Visitor: 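What follows is a structure written as structure tokens; I'll ask about it next.
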Amino acid sequence: MAVLTSSSQNLQVHRFPQESYIDSLRWLPQLSAFHRHIILAAFDSESSTSSLQILNSSNSSSNPPELTFQSSLTTPSRITSLTTSQNPNKPLIAASTFSGSLLLYTADLVNGSLEFVDSVDGKGFHLGRVNGIDVSENGSEFVSVGEDGRINWVSFVGGGLSTRKVFDSNGLVSYGAVKWASPVEFVSGGLGFGLQWWDQRRPGGPVSQFKANWTRGTTSGIVHSIDIHPSRKHTCLAGGSSGTVFAWDLRWQQQPIMLSGVGTSDLSILSPSESDVWEVQYDNYTTSSNYRNVSESRVLPAMICSEDGILAVIEQGEEPIELLAEPCAINSFDIDRQNPSDIVCSLEWESIAILTRS
């Protein structure tokens with residue numbers, strides 16, 4: 001265990017070696033204060049097999065956390081993205097794959113078991129890798145985006161999945177990430193740091209688009225991750241290549257709010273990373289502790305993880321808070337919704353880190 005101190009946050013870090021490469025992980029809804037579960041997508045390079053695993057994280061105020069394996073199911077293809085519903089009894093787990101499919105499972109948190117529910121694949125869904133997937137707040141609607149330029153809407157009704165094509169660029173555009181904004185709206189992102197706002201009440205194409213003209217053609221990046229805060233659905237947070245993190249405010253559609261990035265001309269922006277930002281999430285822990293100092297016009301604090309091993313909190317106009325600086329990539333992390341002081345992240349060198357802030 002390591003205890004780190006920053007200017008505003010004390011940190012306890014616990015590392016747990018794993019036997020396989022971890023492609024993605026998420027906290028599952030919390031059953032009790034001392035027993036929580038993590039769902040992770042693992043890949044065994046020796047056998048070339050992929051699996052979903054449930055781990056139990058037990059913790060108390062006097063003892064360090066323990067991480068124990070509970071169950072595993074082999075998946076037909078390597079996982080590219082994970083998302084979970086917030087049903088505390090039997091949450092749904094959706095996984096997208098390299099082969100172009102969407103897999104749906106339920107988790108029994110009492111027994112720590114996984115059960116396969118249904119899948120969607122085939123030429124009518126995605127051709128090749130599905131880069132991003134997200135689940136709606138009601139847990140019954142999914143949206144997926146792929147490198148093939150397709151966007152699909154997936155519904156979970158009557159115990160099975162049904163699909164509807166939202167858009168097909170016929171390979172002219174590649175999408176890297178997607179995030180719900182409302183029950184009928186979502187944001188996609190992809191090549192060129194572009195973002196697109198979709199409204200299913202107005203089908204046929206995006207209702208609004210953002211093109212990253214600040215690069216002036218000097219860089220060619222891609223959006224890897226998107227987040228939208230439920231209290232500020234007019235602002236979209238995006239992270240991608242070259243340490244780039246920016247916010248897109250629909251009220252000023254063509255003016256990005258830069259938070260990080262080595263390709264920006266603004267010397268006041270301090271970038272914690274110079275490589276791919278794999279994931280971004282609004283950080284409710286930092287937000288809650290400084291809530292009165294955050295105006296409506298400012299972007300809320302966010303957390304990022306990167307290819308060059310950085311886990312950090314960034315805030316508009318503030319110096320970044322570095323939580324981890326690893327010698328390997330941090331390819332995924334998740335902030336516990338019910339207890340945002342707790343973070344779980346996956347390190348490229350086959351280990352999991354659990355961080356607790358105070």
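Both backbone and side-chain heavy atoms feed into the values below; hydrogens, waters and symmetry mates do not. Remember, predicted model here, so these are calculated numbers, not experimental data.
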Visitor: Can a side-chain donor-acceptor contact be found between Gln196 and Ser188 if the only test is distance below 3.5 angstrom?
Guide: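 The answer is yes; a qualifying pair exists.
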Visitor: For residues Val223 and Ala238, report the shortest heavy-atom separation together with the two atoms involved.
Guide: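 Taking Val223 first and Ala238 second, the nearest heavy atoms are CG1-CB, 4.1 Å.
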Visitor: Does the side chain of Ser273 pick up a donor-acceptor pair with the side chain of Asp308 at under 3.5 Å?
Guide: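 There is such a pair (donor and acceptor under 3.5 Å, judged by atom type) between the side chains of Ser273 and Asp308.
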Visitor: Check for a donor-acceptor pair, side chain of Ser24 on one end and backbone N or O of Ala41 on the other, with a separation under 3.5 Å.
Guide: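 Not at all, since once roles are kept as given, no pair shorter than 3.5 Å links the two residues.
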Visitor: Do side-chain atoms of Ser101 reach the backbone of Asp121 as a donor and acceptor pair under 3.5 angstrom?
Guide: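 Side chain of Ser101 to backbone of Asp121, a donor-acceptor pair under 3.5 Å: no, none is there.
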Visitor: On the six-membered ring of Trp27, is Arg36 placed so that its NZ or CZ lies under 6.0 angstrom from the centre and within 45° of the ring axis?
Guide: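 Geometry flag: set, cation within 6.0 Å and 45°.
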Visitor: Enter the distance from Asn331:CG to Glu348:CD here, rounded to the nearest 0.5 Å.
Guide: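 Asn331 CG to Glu348 CD: 7.0 Å, rounded to 0.5 Å.
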Visitor: For residues Phe167 and Trp198, establish whether the separation of their ring centroids is below 6.0 Å.
Guide: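 Yes, they do, as the ring centres are separated by less than 6.0 Å.
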Visitor: Taking all atoms of both residues into account, what is the closest heavy-atom pair of Ala247 and Val299, and its distance?
Guide: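 Smallest heavy-atom distance, with atoms named: CB-CG2, 3.7 Å.
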Visitor: What are the two closest non-hydrogen atoms of Ser332 and Cys305, and how far apart are they?
Guide: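 Smallest heavy-atom distance, with atoms named: N-SG, 3.8 Å.
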Visitor: Does Ile222 offer a backbone N or O that forms a donor-acceptor pair with the side chain of Ser241 under 3.5 Å?
Guide: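 Present.
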Visitor: Taking the side chain as every heavy atom from C-beta outward, state whether Ile310 and Ile330 have any pair of such atoms under 4.5 Å apart.
Guide: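 They are not in contact (no side-chain heavy atoms under 4.5 Å apart), so the answer is no.
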Visitor: Check whether any side-chain heavy atom of Cys345 sits under 4.5 Å from a side-chain heavy atom of Leu324, and report yes or no.
Guide: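 Heavy-atom side-chain distance check passes, below 4.5 Å.
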Visitor: Is there a continuous path of hydrophobic side-chain contacts, each under 4.5 Å between heavy atoms, that joins Leu311 to Ile321?
Guide: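 As far as the 4.5 Å side-chain criterion goes, Ile321 and Leu311 are connected within one cluster.
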Visitor: With under 30° as parallel and over 60° as perpendicular, where do the rings of Trp278 and His224 fit, or are they tilted in between?
Guide: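 Rings of Trp278 and His224: tilted, 30 to 60°.
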Visitor: Using the side chain to side chain contact (heavy atoms under 4.5 Å, CB included) rule, pick out the option among Thr163, Ile133, Asn152, Val130 that qualifies with Leu102.
Guide: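 It is Ile133, the one option of Thr163, Ile133, Asn152, Val130 that forms the side chain to side chain contact (heavy atoms under 4.5 Å, CB included) with Leu102.
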Visitor: Would you find a donor on one side and an acceptor on the other, under 3.5 Å apart, between the side chain of Asp276 and the backbone of Glu307?
Guide: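 No; judged by distance alone, with no hydrogens or angles, the pair does not exist.
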Visitor: What pair of heavy atoms forms the shortest contact from Leu109 to Pro88, and how long is it?
Guide: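 What the structure gives for the nearest pair is CD1-O, 3.7 Å.
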Visitor: With the side chain counted from C-beta on, respond yes when Leu11 and Leu323 share a heavy-atom pair under 4.5 Å apart, and no when they do not.
Guide: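 The answer is yes; the side chains approach within 4.5 Å.
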Visitor: Please report the shortest heavy-atom distance between Arg150 and Leu127, naming the atom on each side.
Guide: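 Nearest heavy atoms, Arg150 then Leu127: NH2-CD1, 3.6 Å.
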Visitor: Strictly by salt bridge (charged side-chain N to carboxylate O under 4.0 Å, His left out), give each pair with a member in residues 155-165 just once, sequence neighbours left out.
Guide: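 Counting only pairs at least two positions apart or across chains, the salt bridge (charged side-chain N to carboxylate O under 4.0 Å, His left out) contacts touching residues 155-165 are Lys165-Asp168.
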Visitor: Should Ile226 and Cys236 count as side-chain neighbours, where that means a heavy-atom distance under 4.5 Å?
Guide: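 Heavy-atom side-chain distance check passes, below 4.5 Å.
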Visitor: If only side-chain N and O atoms count, and only distance matters, is there a donor-acceptor pair under 3.5 Å linking Glu141 with Ser155?
Guide: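 Result is yes, a qualifying pair exists.
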Visitor: May I ask you to decide whether Arg15 forms a salt bridge with Glu326, counting only side-chain N to carboxylate O separations under 4.0 Å?
Guide: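 Answer for the salt bridge query: yes.
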Visitor: Is it the case that the side chain of Ser271 and the backbone of Gly243 share a donor-acceptor pair, with hydrogens and angles ignored and the cut-off at 3.5 Å?
Guide: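 Checking the backbone N and O of Gly243 against the side chain of Ser271, no donor-acceptor pair under 3.5 Å is found.
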Visitor: What I want to check is whether the side chains of Thr244 and Ser242 have a donor and an acceptor closer together than 3.5 Å.
Guide: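 Their side chains do not contain a donor-acceptor pair, so the 3.5 Å distance test is not met.
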Visitor: Would you say Leu237 and Ile304 are hydrophobically clustered, going by side-chain heavy atoms of ILVMFWY under 4.5 Å?
Guide: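 Cluster IDs for Leu237 and Ile304 match.
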Visitor: Decide, yes or no, whether a salt bridge links Arg357 with Asp342 under the criterion of side-chain N to carboxylate O below 4.0 Å.
Guide: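 Salt bridge: no.
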Visitor: Using modelled atom types and a 3.5 Å cut-off, is there a donor and acceptor pairing between side-chain atoms of Asp227 and backbone atoms of Tyr282?
Guide: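 Checked: pair present.
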Visitor: Grouping I, L, V, M, F, W and Y whenever their side-chain heavy atoms are under 4.5 Å apart, do Val143 and Val173 come out in a common cluster?
Guide: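 Linked, Val143 and Val173 end up in one cluster.
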Visitor: Can you check side-chain hydrogen bond (donor to acceptor under 3.5 Å, both in side chains) on Ser113 and Asn111, steps first, answer last?
Guide: CA-CA 5 Å; Ser113 60; Asn111 299 318; 4.9 Å; no
Visitor: Side chains of Ile228 and Val187, heavy atoms from C-beta outward: is any pair under 4.5 Å?
Guide: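 Sidechains of Val187 and Ile228: in contact.
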Visitor: Classify the ring geometry of Phe116 against Tyr105: parallel below 30°, tilted from 30° to 60°, perpendicular beyond 60°.
Guide: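 Phe116 and Tyr105: perpendicular rings.
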Visitor: Report the distance from atom CG of Leu103 to atom OG1 of Thr97, rounding to the nearest 0.5 Å.
Guide: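 Reported to 0.5 Å precision, the distance equals 6.0 Å.
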Visitor: Quick one, Ile354 and Ser57 - any side-chain contact, counting heavy atoms below 4.5 Å?
Guide: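 When only atoms from C-beta onward are counted, Ser57 and Ile354 do touch, with a gap below 4.5 Å.
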Visitor: Give the C-alpha distance, both sets of side-chain angles, the deciding distance and a yes or no for side chain to side chain contact (heavy atoms under 4.5 Å, CB included) between Glu115 and Asp108.
Guide: CA-CA 8 Å; Glu115 182 180 352; Asp108 187 332; over 6 Å; no
Visitor: If two hydrophobic side chains count as joined below 4.5 Å and joins carry through other members, does Leu300 share a cluster with Ile257?
Guide: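 Leu300 clusters together with Ile257.
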Visitor: Less than 4.5 Å apart, side chain to side chain, heavy atoms only: is that true for Phe210 and Phe246?
Guide: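 A side-chain contact exists here, since the closest heavy-atom pair is under 4.5 Å.
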Visitor: I need the Leu40 CG to Ile54 CD1 distance, nearest 0.5 Å.
Guide: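 Between atom CG of Leu40 and atom CD1 of Ile54 there are 9.5 Å.
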Visitor: Are the side chain of Asp283 and the backbone of Pro301 linked by a donor-acceptor contact shorter than 3.5 Å?
Guide: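 Between the backbone of Pro301 and the side chain of Asp283 there is no qualifying donor-acceptor contact (under 3.5 Å).
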Visitor: Any side-chain to backbone donor/acceptor pair from Ser208 onto Trp197? Under 3.5 Å, distance only.
Guide: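 The answer is no, because no donor-acceptor pair under 3.5 Å joins these two groups.
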Visitor: Drop me the distance from Asp23's CG to Thr75's OG1, to the nearest 0.5 angstrom.
Guide: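 So the CG of Asp23 and the OG1 of Thr75 are separated by 9.0 Å.
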Visitor: Taking the six-membered ring for Trp, are Phe98 and Phe43 ring centroids under 6.0 Å apart?
Guide: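 Aromatic pair excluded; centres sit 6.0 Å or further apart.
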Visitor: Between Phe186 and Ile151, is there a side-chain heavy-atom distance shorter than 4.5 Å?
Guide: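 Yes, their side chains come closer than 4.5 Å.
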Visitor: Give a yes or no on whether the backbone of Leu73 and the side-chain of Ser51 come within a donor-acceptor separation of less than 3.5 Å.
Guide: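 Such a contact is absent between Ser51 side chain and Leu73 backbone.
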Visitor: Do Asn339 and Asp336 meet the criterion of a side-chain donor-acceptor pair at a distance under 3.5 Å?
Guide: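 There is no such pair between these side chains.
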Visitor: Go through the steps to decide whether Gln18 and Trp349 satisfy the test side chain to side chain contact (heavy atoms under 4.5 Å, CB included), and finish with yes or no.
Guide: CA-CA 9 Å; Gln18 303 294 302; Trp349 289 353; over 6 Å; no
Visitor: Does the side-chain hydrogen bond (donor to acceptor under 3.5 Å, both in side chains) test come out yes or no for Gln70 and His37, once each step is laid out?
Guide: CA-CA 9 Å; Gln70 288 201 302; His37 295 84; 3.0 Å; yes
Visitor: Applying side-chain hydrogen bond (donor to acceptor under 3.5 Å, both in side chains), run through Asp334 and Gln281 and close with a yes or a no.
Guide: CA-CA 8 Å; Asp334 196 26; Gln281 289 186 25; 3.1 Å; yes
Visitor: Atom CG in Leu347, atom CZ in Phe16: separation rounded to 0.5 Å?
Guide: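 Between Leu347 CG and Phe16 CZ, I get 11.5 Å after rounding to 0.5 Å.
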Visitor: For residues 120-162, which residue pairs pass the ring-ring contact (aromatic ring centres under 6.0 Å, His included) check, not counting sequence neighbours?
Guide: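 Sorted pair list: Trp153-Trp180.
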Visitor: Is there a continuous path of hydrophobic side-chain contacts, each under 4.5 Å between heavy atoms, that joins Leu104 to Leu82?
Guide: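 Result: no, two separate clusters.
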Visitor: Between Glu137 and Lys233, does any side-chain N to carboxylate O distance fall below 4.0 Å?
Guide: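 Answer for the salt bridge query: no.
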Visitor: Would you check if the side chain of Arg26 reaches a backbone N or O of Phe333 as a donor-acceptor pair within less than 3.5 Å?
Guide: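 Yes: the side chain of Arg26 pairs with the backbone of Phe333.
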Visitor: First locate atom CD of Gln86, then atom CZ of Arg337, and finally report the distance between them rounded to the nearest 0.5 Å.
Guide: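 One finds 4.0 Å between CD of Gln86 and CZ of Arg337.
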Visitor: Kindly give the heavy-atom pair with the smallest separation between Arg298 and Gln316, and that separation in Å.
Guide: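 Scanning both residues, the minimum pair turns out to be NH2-O, 2.5 Å.
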